[in-house]
Amino acid sequence: MENPETQATAKTVDVVIPVYNAPELTKRCIDSIVTHLESIQRILIQDDASGCETREMLDHLPYPCVEVCHAEKNQGFGLTVNAAVGRSNAFYVLILNSDTEVNQNILPQLCAAFDVDDKLAAIIPAGNSYNRFDFSRYALHEGNYIQTYYLRGHAILIRRDAFLAVGGFDATFGRGYYEDIDLGRRLDLNGWRFGVHPDVHIYHKGAGSFGEDRIQLARRNRAVYLSRYPEAQQNILLLSGNCALADFNEDFLQAIEQRFHAGGSVHWFSPRQPSHLSCLQMHGYAARLRMILKVLSRGWQRADRRVTEIWIAPGAPFFLRALLTVWAHWQNLKILVFEEAMTQDPATKLRVK
């Protein structure tokens, strides 16, 4: 018998669906895949010890491309996906939550992104879970995707070799939450990129299998994630004059990017709302006191959302600059004043207060 690894030379796609109960949502998901994703090789369903109703539904699916494996005991989301990916010999695996639905063939556009970017490990279709983003404000990478440093997705098309090389999902995260972001950190550390395709959409109901436990699960796994990557709590408030991202010099842009690679975010305020942002962890606002106070108050309920540093770039409005300087001293925050951060300047000078 031919080794499965040698069969993955063609850029085939297997769909992987971890299942734990929610039989109606799961059936709807599978039906939509069979209807719209004509080019897939197989649908690999890993049942994580669901109840009798779900097991019976899975065992009576009429589709020859569907392969169901029932686990004897509940293993949690990460191990369930890892087991299903281990059954695959495809070049790509499309990992779908069982509470998603597709209404068109999303694969051609997603796969096309990989063809032009050999550092792309994974791509996420947009949809209702990304409704809060105005994608027109973000830079498009070659392959028509917007870069993100959080591999947070209800649906992820990923290179199987990249997934396996970093060890897949970590079983520590149990039933779910943050195992995808943790995987993204490891991919990033190994030089891979990932992004969101703004023109490809998928519906995600959300929390279809977690029920009332989701808040406790999210809180627990957030603590695990942040214990591994404490710098992911580094959130920057950047205040500048009217300028575009391209007006900043290379040193300043690299300093911003380092925060993204660590898992942090940047909230950029300028007199006119910035219209061109580099990734989904960069947020741009018009410099209004009300919005600045809203961002500064984000950490009152969740410490990982707290602004930890304030950066002042050339041209920042004097009143807001003074206000943020006072706030930084009051809250014991680091404040960095960039005297020269524009492209016409040969270097960036920092004054740390």
Side-chain angles (χ1 to χ4, degrees), residues 124 126-141 145-153 178 180-181 184-185 188 193-198 218 222 225-226 229 231-248 252-317 320-321 323-324 327-328 331 333-336 338 341:
I124 303 164
N128 61 300
S129 294
Y130 286 87
N131 282 345
R132 68 187 180 91
F133 290 98
D134 179 1
F135 289 134
S136 66
R137 299 177 60 204
Y138 292 89
L140 275 179
H141 282 247
Y145 71 88
I146 298 169
Q147 189 161 9
T148 180
Y149 291 85
Y150 282 15
L151 188 64
R152 174 177 288 166
Y178 283 87
D180 45 1
I181 305 175
R185 290 271 66 76
D188 182 83
R193 285 191 287 266
F194 35 96
V196 174
H197 201 303
R222 184 186 308 125
Y225 172 76
L226 293 175
Y229 308 101
E231 291 188 358
Q233 299 178 84
Q234 298 298 308
N235 302 304
I236 310 305
L237 191 156
L238 167 62
L239 180 67
S240 76
N242 282 321
C243 60
L245 199 62
D247 295 326
F248 293 122
F252 190 80
L253 292 175
Q254 285 182 0
I256 291 175
E257 189 173 357
Q258 286 174 2
R259 292 304 191 276
F260 296 143
H261 280 296
S265 63
V266 172
H267 298 270
W268 178 15
F269 289 87
S270 69
R272 288 195 302 269
Q273 185 180 39
S275 59
H276 193 71
L277 307 173
S278 63
C279 70
L280 293 185
Q281 283 66 58
M282 176 174 273
H283 312 279
Y285 316 91
R288 303 290 184 266
L289 180 59
R290 180 179 178 182
M291 182 55 69
I292 289 176
L293 292 175
K294 183 177 180 180
V295 169
L296 288 173
S297 66
R298 282 163 48 90
W300 289 352
Q301 293 183 328
R302 277 183 49 179
D304 60 306
R305 291 182 174 178
R306 185 177 302 151
V307 169
T308 54
E309 295 182 12
I310 294 174
W311 293 7
I312 307 294
L320 293 177
R321 173 175 176 156
L323 179 69
L324 287 174
W327 178 277
Q331 294 292 313
L333 300 180
K334 180 185 291 186
I335 182 166
L336 305 181
F338 292 77

(request) Could you please spell out the steps behind the side chain to side chain donor-acceptor pair (under 3.5 Å) verdict for T308 and Q233? (result) CA-CA 8 Å; T308 54; Q233 299 178 84; over 6 Å; no
(message) Can you tell me how the ring of Y225 sits relative to the ring of Y229, calling it parallel under 30°, perpendicular over 60° and tilted otherwise?
(response) tilted
(message) For Q273, give me all partners under side-chain contact (heavy atoms from CB on, under 4.5 Å), at least two apart in sequence or on another chain.
(response) R137, A286
(request) Heavy atoms only: give me the nearest F194-L151 pair and the separation to one decimal. (result) CE1-N, 3.5 Å
(request) Sorted by first residue and then second, give each salt bridge (charged side-chain N to carboxylate O under 4.0 Å, His left out) pair with at least one member in residues 260-288; sequence neighbours left out. (result) none
(message) Under the rule for side-chain contact (heavy atoms from CB on, under 4.5 Å), what residues qualify as partners of H261, not counting sequence neighbours?
(response) Y149, D188, E257
(request) Measure up the F338 and F252 rings against each other and bin them: parallel (under 30°), tilted (30 to 60°), perpendicular (over 60°). (result) perpendicular
(message) Is there a side-chain contact between V307 and V295 in this structure, where contact means two heavy atoms from C-beta onward sitting under 4.5 Å apart?
(response) yes
(message) If I compare all heavy atoms of I256 with all of M282, which pair ends up nearest, and what's the gap?
(response) CG2-CE, 3.9 Å
(request) Verify side chain to side chain contact (heavy atoms under 4.5 Å, CB included) between Y145 and V196, making sure each step is shown before the conclusion. (result) CA-CA 5 Å; Y145 71 88; V196 174; over 6 Å; no
(message) Listing request: all salt bridge (charged side-chain N to carboxylate O under 4.0 Å, His left out) pairs with a residue in residues 302-315, at least two apart in sequence or in separate chains.
(response) R259-E309, R302-D304
(request) Indicate yes or no: at least one non-hydrogen side-chain atom of L324 is less than 4.5 angstrom from one of L296. (result) yes
(request) Would you please name every residue forming a side-chain contact (heavy atoms from CB on, under 4.5 Å) with N235, sequence neighbours left out? (result) S265
(request) Taking the side chain as every heavy atom from C-beta outward, state whether Q281 and T148 have any atom pair closer than 4.5 Å. (result) yes
(message) Please check: side-chain N/O of Y138 versus main-chain N/O of H276, any donor-acceptor pairing under 3.5 Å?
(response) no
(message) Which heavy atom of A287 sits nearest to which heavy atom of P271, and what is that distance?
(response) CB-N, 4.0 Å
(message) Could you measure the distance from the CD atom of E231 to the CG atom of L226? Nearest 0.5 Å is fine.
(response) 12.0 Å
(message) Measuring only between side-chain heavy atoms, which start at C-beta, is C243 closer than 4.5 Å to W268?
(response) yes
(request) Could you tell me which non-hydrogen atom of W327 sits nearest to which non-hydrogen atom of I310, and how far apart they are? (result) CD1-CD1, 4.1 Å
(request) Test side chain to side chain contact (heavy atoms under 4.5 Å, CB included) on I312 and L336 and set out the steps. (result) CA-CA 6 Å; I312 307 294; L336 305 181; over 6 Å; no
(message) In the structure I gave you, are the side-chain heavy atoms of V266 and F260 within less than 4.5 Å of one another anywhere?
(response) yes
(message) Please report the interatomic distance NZ(K294) to OH(Y285), rounded to the nearest 0.5 Å.
(response) 8.0 Å
(message) Does either side chain, that of S278 or that of Q147, offer a donor lying less than 3.5 Å from an acceptor on the other one?
(response) no
(request) Drop me the distance from H197's NE2 to I124's CD1, to the nearest 0.5 angstrom. (result) 12.5 Å
(message) More than 12 heavy atoms of other residues, nucleotides or ligands under 6.0 Å from CD of Q331: yes or no?
(response) yes
(request) For L239 and R321, work out which heavy atoms get closest and say how close. (result) CD2-N, 3.7 Å
(request) Please report the shortest heavy-atom distance between P317 and S240, naming the atom on each side. (result) CD-O, 3.7 Å
(request) Determine the interplanar angle of the F135 and F133 rings, folded into 0 to 90°, and report it as parallel if under 30°, tilted if 30 to 60°, perpendicular if over 60°. (result) parallel
(message) Measuring only between side-chain heavy atoms, which start at C-beta, is L323 closer than 4.5 Å to L289?
(response) yes
(message) So L277 and L245, do their side chains get closer than 4.5 Å, heavy atoms only?
(response) no
(request) For A255, check side-chain contact (heavy atoms from CB on, under 4.5 Å) against everything at least two apart and list the hits. (result) W311
